[in-house]
Amino acid sequence: MSSPPDRAILNVAAVSKSFGSLNVLKDISFEVARGETVCLLGPSGSGKSTLLRCINWLERPDSGRVLLDGEPVGMSTGGVVMGDRELAHMRTRIGMVFQHFALWPHLTVLQNVMEAPLHVQKRGRDEVKAEAEALLRRVGLVDKKDVFPARLSGGQKQRVGIARALAMKPSLLLFDEPTSALDPELVGEVLAVMRDLAREGMTMVVVTHEMAFAREAASRVIFMDQGSIVETGHPEAFFSAPRTDRAQQFLLRYSATPAALPLSS
Amino acid sequence: MIHGFAIVWAERGLMLSGLANTVLLSALAGLCALVLGALLSTLLIRPRGVVQIATRVFVDAMRCTPFLLFAYIIYYGLPTLGIRLDNWSAGLISLAIYHMAYMGELLRAAWAAQPRDPIEAGQAFGFSGLSLFRRIVLPPLVLTSAPVVGNQVIQVIKDSAFLTIIALPELTHAASSIQSRHYIPFAAFISAVLLYWMLCLVIEAGVSSIGRMAQARR
Amino acid sequence: MSAADVLAIFSGALTTLLMAGAGILLGLPLGLGLALVRWANTPLATQCAAVYVSLLRATPLVTLVLLLFFALPNIGIPVGPVSAGVLALTLNTSAFNCEVWRAALMDLPKDQIEAAKSVGMRRGMRLRRIVLPQIARVSLPGLISEMSLLIKVTPVLAVVGVVDITRAAVRIGAETYEPLPPFFVALAIYLPMVFALVSLQRWLERRQTRIDAPA
């Protein structure tokens, strides 16, 4: 089954999810094409993170489908929930970067990056090691390869997290608020790596509050509020001229820059 | 097997008196251990000196000693000092002294973990002496130490079973005697186990209700 | 007390140590298994494990060993004093170990397992390579503490006729009409063993707070 060049890498169709009586995702549908960088924006509680986690079935949608490169994730075509092995296999093609880094503390930086390619993909040790070191060099941390995560700063941990996700050679990278847990001065180093990835054509879906990053690096933004997609579009259009009221209110709250505040003596 | 439990029911007087002994012994020993342990903890938090070191050595020694050996030593040792005691009193004394060390240590740890600011605030508002202790210091201490004190009381109950070896007529001894007379080991000991379990659940329920009070104030 | 008596106590001590060792070795994996069952939250098994743990934590060891020693032969399982003793120790310690393992499992951040899932690790590999290494490190002080507690209750196995330290001490005391000295010898054997374990536990706790301190 050859894929037409412009077929979507990711296809989310009518996904809904509730936690008890709380309806968190309401019939969400969207597509992501190869090479796109899509930013999911919205206020807290809008369901952005839940949606992201439904893509690799860390959260199980109540209804709807997720397709990766035409193949179903989580629910096979017959409507049967995938077994452990099938789901794990699909997940090897989707990389994820976590808000609190989630590095494995009992492994060194290099071991963290090598762990899954070695033991899940069962690739050769020399090949995996060489690639891991190359990835660490790319994120600027090859000199820390034998250090344990506890000794790293937040920004360094997150860059290792990105290298770890890239080591699996995924078709799609998911970012769950990658800089929200970082001290402000460390945010830049992580966003720089993400910008480079976007520029190189990596397909990315990013949940973030970093508006400047979204404006600059995204090829498309999706704005969510209270479980539904409210507005989507090109970032420039969205940020300068939002079409809906809710988007406008959201942007007003997030655009308060120091220059806009009155000077106090 | 049902037949066995029927016999146990028929002998319930013996079982219940064993249970009563266990409860009484544990309650008394537990209370003594708690009170004496509290006193001990005040000695433990003093700066380094003869008293503090001696107390520390006592507590560490008790924590490294098997209770049964300690009970034997008290039971056989006291007569050599001229003190003649029946096994009930010897049992009570050994339980109380042994667990006093544990209570002292865990109360000391609970005290060390208490934040100092609320107490300073109490002093700043004019509380002092007994009223400071009773109204400002004690309540949070009770709330945080309740779970570990509860655990220690459960330990007292379990250690009391050891005293069956010095022929103290507590619960395990009663079950043992019923089993040896009627050859119903399963029914007899299961009944004893269930009664111990019940005691344990009662204590844990008490601790939970204190825990709920603590949660409401967090 | 003659030299032969001291030797008797030491050979009793060896019996005690071996039985305690067996109880520890068997109780560790059993406790881990119970903790994993409770953590996995499968409907019937979790409740059964919870009841088992609650019961065994409430049961005095002496009652348990008497129960096993007398009741098992009654329902057709022949068991001698040593087997009953080791079985009682194992069941008892597994319940306490379960709680130590479980505390470590509940403290494990959820995203550790999510990260493992996200790279396609299956359940068995997640457990072996990600969960176990981390909880083993955290559980170690608690498990060592439980080992010291186990050693402290072994004297009671004498009640079913195991010739351990206690039995030897009691016998010598009865023969020499001086009950105290053999107990002091027994104490002299127990104390360093327990003290060594308690010191090890304290050292591990100190080392862990040092390692976990952020850079």
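Naming convention: chains lettered A, B, ... in sequence-line order (proteins, then strands); numbering from 1 in each chain.
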Chemist: Which side chain to side chain donor-acceptor pair (under 3.5 Å) pairs, counting each pair once, include a residue from residues 20-42 of chain B, with sequence neighbours left out?
Modeler: B/Asn21-B/Trp88
Chemist: Could you pull out the closest heavy-atom pair between B/Lys158 and C/Pro60, with the gap in Å?
Modeler: O-CB, 3.6 Å
Chemist: Pick one of side chain, backbone, both or neither for C/Ser148, based on which atoms fall under 4.5 Å of a heavy atom in chain B.
Modeler: neither
Chemist: Taking all non-hydrogen atoms of both residues into account, name the closest pair between B/Leu69 and C/Phe183 and its distance.
Modeler: CD2-CD2, 3.7 Å
Chemist: If I compare all heavy atoms of C/Leu187 with all of B/Pro66, which pair ends up nearest, and what's the gap?
Modeler: CD1-CD, 4.2 Å
Chemist: At under 4.5 Å between heavy atoms, what parts of residues 90-118 of chain B are in contact with chain C? List them by residue number.
Modeler: B/Tyr98, B/Tyr102
Chemist: Please name all residues satisfying side chain to side chain donor-acceptor pair (under 3.5 Å) with C/Glu146, sequence neighbours left out, ordered by chain then number.
Modeler: C/Thr93
Chemist: Given heavy-atom pairs under 4.5 angstrom as the criterion, report whether the side chain, backbone, both or neither of B/Asp159 touches chain C.
Modeler: neither
Chemist: Show the nearest heavy-atom pair for residues B/Phe162 and C/Val153, with the distance to one decimal.
Modeler: CZ-CG1, 3.9 Å
Chemist: Chain C heavy atoms under 4.5 Å from B/Phe70: which part of the residue, side chain, backbone, both or neither?
Modeler: neither
Chemist: Looking at every heavy atom in both C/Lys152 and B/Thr65, which two are closest together, and how far apart are they?
Modeler: CD-O, 3.5 Å
Chemist: What closest approach, in Å, do B/Ile73 and C/Leu180 show between heavy atoms, and which atom pair accounts for it?
Modeler: O-CD2, 3.8 Å
Chemist: Please list all pairs passing the side chain to side chain donor-acceptor pair (under 3.5 Å) test where one or both residues lie in residues 51-61 of chain C, with sequence neighbours left out.
Modeler: B/Trp197-C/Ser54, C/Tyr52-C/Ser94
